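Worksheet for the structure shown next.
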Number of protein chains: 2
Amino acid sequence: MRLEKMMNNTPVTLKFLAEKLKMSVSTVSKALNNYPTINEYTKQRVQEMARDLHFTPNKSAINLKEKKSHIIGIILPNLLDHFFTRSIYGVEQFATQNGYNVIISQSHDDLEKEIQSANMLLRSRVDGLIVAISKHTQDFAHLDQFENMGIPVVYYTRNPSFNLSCHKVLGNTFQGCYQATKFLIDRRHKKIAYLGGPKMINFTHDRFNGYINALKDNQIPFSSELVAYTDFDKENTISAIKNLFANPENMPTALVAFKEPILFDAIKYLRSINHPNFDKIECIGFGNTSFISYLDSPPIASIEENPESVGENAIKLLIQLINKEIDIQHYQKIMVDCKLIVHG
Amino acid sequence: MRLEKMMNNTPVTLKFLAEKLKMSVSTVSKALNNYPTINEYTKQRVQEMARDLHFTPNKSAINLKEKKSHIIGIILPNLLDHFFTRSIYGVEQFATQNGYNVIISQSHDDLEKEIQSANMLLRSRVDGLIVAISKHTQDFAHLDQFENMGIPVVYYTRNPSFNLSCHKVLGNTFQGCYQATKFLIDRRHKKIAYLGGPKMINFTHDRFNGYINALKDNQIPFSSELVAYTDFDKENTISAIKNLFANPENMPTALVAFKEPILFDAIKYLRSINHPNFDKIECIGFGNTSFISYLDSPPIASIEENPESVGENAIKLLIQLINKEIDIQHYQKIMVDCKLIVHG
DNA sequence: AACTACATTTCAAACGTTTGAAATAATTGC
DNA sequence: GCAATTATTTCAAACGTTTGAAATGTAGTT
């Protein structure tokens, strides 16, 4: 059933093939790489022998010679977040097509771990880096190292908020939030609450601005009572929700939330306290989680952030930078639009 | 703010350091690797210079020399499945601690893609491979290549069902299902249905056996009417559920399901048809998804498969094999127990 | 037969590191 | 002051590949 093992302790290298074929190493190399100066018949013989002996070129040697690793590094906070896993789809596919491997490294939103990952990837001489920074990254020395060595870096999603010159690929989170708010306004809501995320994450503000601008553009008065913030902690979310629904004079009939798990906590809470108009409240959050179909009180719509597309744009930009089709100093910024998905 | 770029086109290598310091390359190398034969003061000078010039050893060169890549490959079907992403936690952590990088490659349950991934990892000369095979893998030539070259392979979770001799790390899915069934029996259920997964996946049968054995050990009669199978398709699940609940004489009061998303589909369906005893039916599925807390009719318990532990066991075994602490031909099988998590 | 022109193969250096053996320098004992 | 140790540094080969330049081989032309 199983191929008998050779356990051949002499590894099959170019040299080994050359000896077997009684020709020079360079002929073998060139034959395998289909050089035009090599005789057709020779090529055939070499290729056949290579196949029979299961020759596999040694990547380390090639990398050393070519000064390329054919590896792209990704640093991201967390693989449990579907946004990131979905974004990897986009990256991986395009990378593979272009002959690159991908090393994924999780920072677990820990700066120390992020630095470690960066150093490890630097030692591995990745040809390029895609990174979504941790919540706590303020200093960028560990990432600047790459550009200092001429290795391009693309920041995606989570990126330095202050205007550090760097390549960025971002979800158009402003537009997403604007669209969601507009959708609720069109459904005749006047009291639309906004539940924001951690203030340290830079796009929290973009989302808020989307909300505000939609209100403004449609002459809906803004009320600060209708805005609250939470981190990802459940307790925290519940107390934010309590605040939003505290004033009977100013009771929200709709809610836009920073992220779906937070929204689910909010919905669950409102339901648990038997909020009088619970059935009327319409909610929208960022994410478009697949589990929504199992909820009994699902959000009316989701803001789909198209993570695959974000990933794809990041890798495409990175490869252009690697190939020097774009100058590394000519910083790019790409925005990927969100899409409102109406459920039911 | 940002470090001024050197954009130094001469890369900082051992040779470069050696010239700067006016000593030989080998002294520099040995100083950096803390050889006892090197003078303390020399070491200091070298290390200082290395730090100042941001020397980063070239991994490709080291790998070539050492005939090691310090890379471990993982092939798995899918990163969207939380079982796999969670298992990576275990792998990554232990791998990093031991100086290995991890390249993750998704097969998307496609044999062709799996073969491609395997070949790519082979070219990269990974030091070891951890693999959860695709649904369609029948032939193992692409994976046997590794062992033929002396590279150890550990199959985890999804593995060749027939008794191919190989290293395996598996969830003890029999025990998990037994325990779940026993739990329901203890709650006085007599009619416990079993909703199985795709028959091609090998542990489908182990789970079924856990179910059957729990019934047998507790003198509950088995009825084939109470067993149905589904793949991951929703239509398919619903028709399976219809069959299970078809006979009014033999109506289940409890359900054990192969995987939680399937179970959620089942619950949703039963609810949608207003099944008369819906509130009484108690369900358990494999997975322990975090979303359970948002469901209105949650399963009474979940079978936690401890994916982190599965991953950790796989990497530990692999590293032992790499270090030849275990003979590669001495095939190991490790079972990781499941744990029943009772909700509410 | 000698020359050119081309086809094909081989040489040799390079990529950046490691490491045992050899060389050199410094220290000790007498 | 000189051999014998010991401490420290350097040499040189190796890992497996690529690639421009040089060498060789083969025809074709005169």
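In what follows, chains are A, B, ... by sequence order, proteins preceding strands, each numbered from 1. For clarity, every value in this text was computed on a predicted model and none was experimentally measured.
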Of B/A61 and B/V25, the one whose closest nucleotide on DNA chain D sits nearer the 5' end is B/V25
Please tell me if the side chains of A/M120 and A/S105 come closer than 4.5 Å, counting only heavy atoms from C-beta onward. yes
Main-chain N/O of A/Q106 paired to B/E92 side chain as donor or acceptor, under 3.5 Å: yes
Distance, rounded to the nearest Å, where B/E66 contributes CD and C/dT17 contributes P: 12 Å
Would you say A/N98's side chain and A/Y100's backbone share a donor-acceptor pair under 3.5 angstrom? no
Spacing of B/L14 atom CG relative to C/dT19 atom C1', expressed in whole Å: 13 Å
Which residues in residues 35-51 of chain B have at least one heavy atom lying under 4.0 Å from any atom of DNA chain D? B/T37, B/I38, B/N39, B/T42
Look at the side chain of A/P57 and decide which nucleotide, out of D/dT17, D/dG16, C/dT17, has an atom nearest to it. D/dT17
Nucleotide D/dT17, atom P - distance to NE2 of A/H70 in whole Å: 14 Å
Close approaches to DNA chain D from residues 26-34 of chain B, in residue order (heavy atom, under 4.0 Å): B/S26, B/T27, B/K30
Are there over 12 heavy-atom neighbours, none belonging to A/K15, within less than 6.0 Å of that residue's NZ? no
A/K65 near the nucleic acid: base, sugar-phosphate alone, or nothing, with a heavy-atom cut-off under 4.0 Å? base
Between C/dG16 (P) and A/K68 (NZ): distance, integer Å: 16 Å
Check whether any side-chain N or O of B/N78 sits under 3.5 Å from a backbone N or O of B/L80 as a donor-acceptor pair, and report yes or no. yes
Between B/K333 (side chain) and B/L170 (backbone), is there a donor-acceptor pair under 3.5 Å? no
Just compare C/dT17, D/dG16, D/dT10 and give me whichever is closest to any side-chain atom of B/S24. D/dT10
In short, the helix from C/dA1-D/dT30 to C/dC30-D/dG1 is bent end to end, axes from five pairs each side, to 10°, by 70°
Nucleotide C/dT18, atom C1' - distance to NZ of B/K59 in whole Å: 15 Å
Under 3.5 Å, is there a donor-acceptor pair between the side chain of A/H142 and the main chain of A/E112? no
Do the side chain of B/D127 and the main chain of B/K68 share a donor and acceptor less than 3.5 angstrom apart? no
Give a yes or no answer on whether the side chain of B/E114 reaches the backbone of B/T137 with a donor-acceptor pair at less than 3.5 Å. no
Please state how far atom NZ in B/K67 lies from atom C1' in C/dT17, giving the value in whole angstrom units. 14 Å
Measure from CZ on B/F16 to P on C/dT17 and round the result to the nearest Å. 12 Å
Donor-acceptor pair, distance only, cut-off 3.5 Å: does the side chain of A/K113 make one with the backbone of A/P77? no
What is the distance from CD1 of A/I62 to P of C/dT17, rounded to the nearest Å? 19 Å
Is A/Q332 atom CD crowded by more than 12 heavy atoms from other residues, nucleotides or ligands, each under 6.0 Å away? yes
So, the side chain of B/R158 versus the backbone of B/L76: is there a donor-acceptor pair under 3.5 Å, distance only? no
Name the nucleic acid region contacted by A/L64, choosing base, sugar-phosphate or nothing; use a 4.0 angstrom heavy-atom cut-off, strictly under. base
